[in-house]
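First up is the structure itself, then whatever we jot down about it.
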2 protein chains.
Amino acid sequence: MKILVVEDEPKLAGFLKRGLEEQSWEVELAYDGQVGKKMASNYRFDVIILDVNLPLLNGYDLARQLRNDGLSTPILFLTALGTIDDKLDGFEAGGDDYLVKPFEFRELIARVKVLAHRSTTREQSSQVLTIADLELNLDEKVARRSGNRIDLTAKEFALLEYLMRNRGRVVSRVDIAEQVWDIRFDTGTNVIDVYINFLRKKVDKDYPNKLIHTVVGMGYIFKEE
Amino acid sequence: MKILVVEDEPKLAGFLKRGLEEQSWEVELAYDGQVGKKMASNYRFDVIILDVNLPLLNGYDLARQLRNDGLSTPILFLTALGTIDDKLDGFEAGGDDYLVKPFEFRELIARVKVLAHRSTTREQSSQVLTIADLELNLDEKVARRSGNRIDLTAKEFALLEYLMRNRGRVVSRVDIAEQVWDIRFDTGTNVIDVYINFLRKKVDKDYPNKLIHTVVGMGYIFKEE
DNA sequence: CTTCAACGACTAGAATTTTCATAGGAACAG
DNA sequence: CTGTTCCTATGAAAATTCTAGTCGTTGAAG
């Protein structure tokens, strides 16, 4: 299950992300209303959690715009404002539920579950492999490192997927050749080396902690540190 | 719209009935859990409002039994108990929302509206798919972009519908061939490319933000950007 | 200490594949 | 028969995949 959290206060955002991920849900964060809108319209989430006070575009207006665009994903508002009129505004804007800060996390979980229950039944949620700050979205066919989008070609994607699925294990060139290239005998090619190099440029180059490591004489291993 | 209220305290029950009827909704009252259950199972309501403390059969057990019987009508719990654990019990029992007494009547109305809206929209199952400024009317078999009518042939329509239903994820040519053309093996055809081209001319050509994107070597993806 | 071989990193550009765009014919409906 | 829809075929353009090389490092032998 995939949840979008739009919350500008970093502390609360992190808290929400961690707490929701403990339910083994995937969580995407947006820190302002405009980014939130873009994410909500481009990808399918099961539930959207919206703070009301957001920079650039407030939660109510964001919800209204999404509803206007025909998005029916359940929306839960989260806010410090606790008066009735605020709540009514939230519902009027197209919200499905409303929770007032401070709240108990377990109640949030329960409400999110209820909201999700409806939408989960119709379509499967998105598939993502995540290791460290790198995630590979199998639906979008796109990788992200620390949130930065990385475009990959088909072969690059296939290779990275194979490495990530075998994280923590050394995979030999022969394994890779068979699984990714369908090569079953030694052709004396060096494609694999070349593509490892391509991946390193795109995935590891700009980041201090490398994820793709060479094990001389053995192959490659994908792991943190 | 029809609402069932199960509440044993006559004063509150009458208050609820009058208030809800002011919204020109039909309200049925039950004064204990067993009668409530009978009514809920025998007639179709849009929303059920359940007090938790009820004679003969308490609200949670009543909800559980209804859910067990396969009833999916939204349930809102109403109770004086306000602790987190009570709320969690309520959601666990199959409730969709939880309101603690005393409450503002307008908030009740708002929450009931949301619950009702969900069940009604769910049934008509959206005759219009909308993404960004493009809408696809499944009844009229017509698309509109920024309000401008776009006529599509049957195949164009089917392809666009498939893309829109899978917005945000890459669909391969094989997927499209199977789902839209019923081709289950590689025939070496290029119909899909041709029709993507047709759609682009009709849907994307005159507009700056494109919706149909190709992902080389993988397929196509429908999304804003 | 020097040399050489093995291995992997990395690059340029050639070869191949994939996609786009268009034209024209077959199939079909009215 | 006529107009529309659907599909095949084709060539150009774009993007990719892969080959063939150079370079650097390491470690062992001479």
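First the proteins, then the strands, lettered A, B, ... as listed; each starts at 1.
The side chain of Arg173(B) places an N or O atom within less than 4.0 Å of a non-bridging phosphate oxygen (OP1 or OP2) of dT19(C). For Trp181(B) and dC6(D), the shortest distance from a side-chain N or O to OP1 or OP2 is not below 4.0 Å. Phosphate contact (OP1/OP2 of dT11(C), side-chain N/O of Lys201(A), threshold under 4.0 Å): present. Within the structure, a side-chain polar atom (N or O) of Thr189(A) is placed less than 4.0 Å from OP1 or OP2 of dT19(D).
By the 4.0 Å N-to-carboxylate-O rule, Asp151(A) lies too far from Lys202(A) to be salt-bridged with it. The residues Glu161(A) and Arg165(A) are annotated as salt-bridged, a charged nitrogen and a carboxylate oxygen being separated by less than 4.0 angstrom. The residues Asp139(A) and Lys141(A) are annotated as not salt-bridged, no charged nitrogen and carboxylate oxygen being separated by less than 4.0 angstrom.
Ring centroids of Phe77(A) and Tyr60(A) are separated by less than 6.0 Å, placing the two rings close together.
Contacts of Tyr220(B) with the nucleic acid, taken as non-hydrogen atoms under 4.0 Å apart, involve only primed sugar atoms and P, OP1 or OP2.
A donor and an acceptor atom sit less than 3.5 Å apart, one in the side chain of Asn190(B) and one in the base of dT10(D).
The interatomic distance linking Leu199(A) (CG) with dT16(D) (C1') rounds to 14 Å, in whole Å. Rounded to an integer number of Å, the gap from NZ of Lys202(A) to C1' of dT16(D) is 10 Å. Taking atom CD1 of Ile183(A) as the reference point, atom P of dT19(D) lies 7 Å away to the nearest angstrom. Atom C1' of nucleotide dA13(D) and atom CG of Asp193(B) are separated by 14 Å, given to the nearest angstrom. Distance CG (Leu159(B)) to P (dC7(D)): 11 Å, rounded to an integer number of Å. Taking atom CG of residue Asp182(A) and atom C1' of nucleotide dC18(D), one finds them 16 Å apart after rounding to whole Å. As a whole-Å value, the separation of Lys155(B) NZ from dA29(C) P is 12 Å. For the pair Ile212(B) CD1 and dT19(C) P, the interatomic distance rounds to 15 Å; values are reported in whole Å.
The 5' end of DNA chain C is approached more closely, in terms of each residue's nearest nucleotide, by Gly219(B) than by the other of Gly219(B) and Val194(B). Residue-to-nucleotide proximity on DNA chain D shows that, of Phe198(B) and Glu156(A), the 5′-proximal contact is made by Phe198(B).
Among the nucleotides dT11(C), dA9(C), dT19(C), the one closest to the side chain of Asn197(A) is dT11(C). Checking dC7(D), dC18(D), dT16(D) against every side-chain atom of Thr153(A), the shortest atom distance belongs to dT16(D).
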Stepwise, does the salt bridge (Lys or Arg N to Asp or Glu O under 4.0 Å) test hold for Asp97(A) with Arg111(B)? CA-CA 8 Å; Asp97(A) 207 343; Arg111(B) 289 188 181 272; 2.7 Å; yes

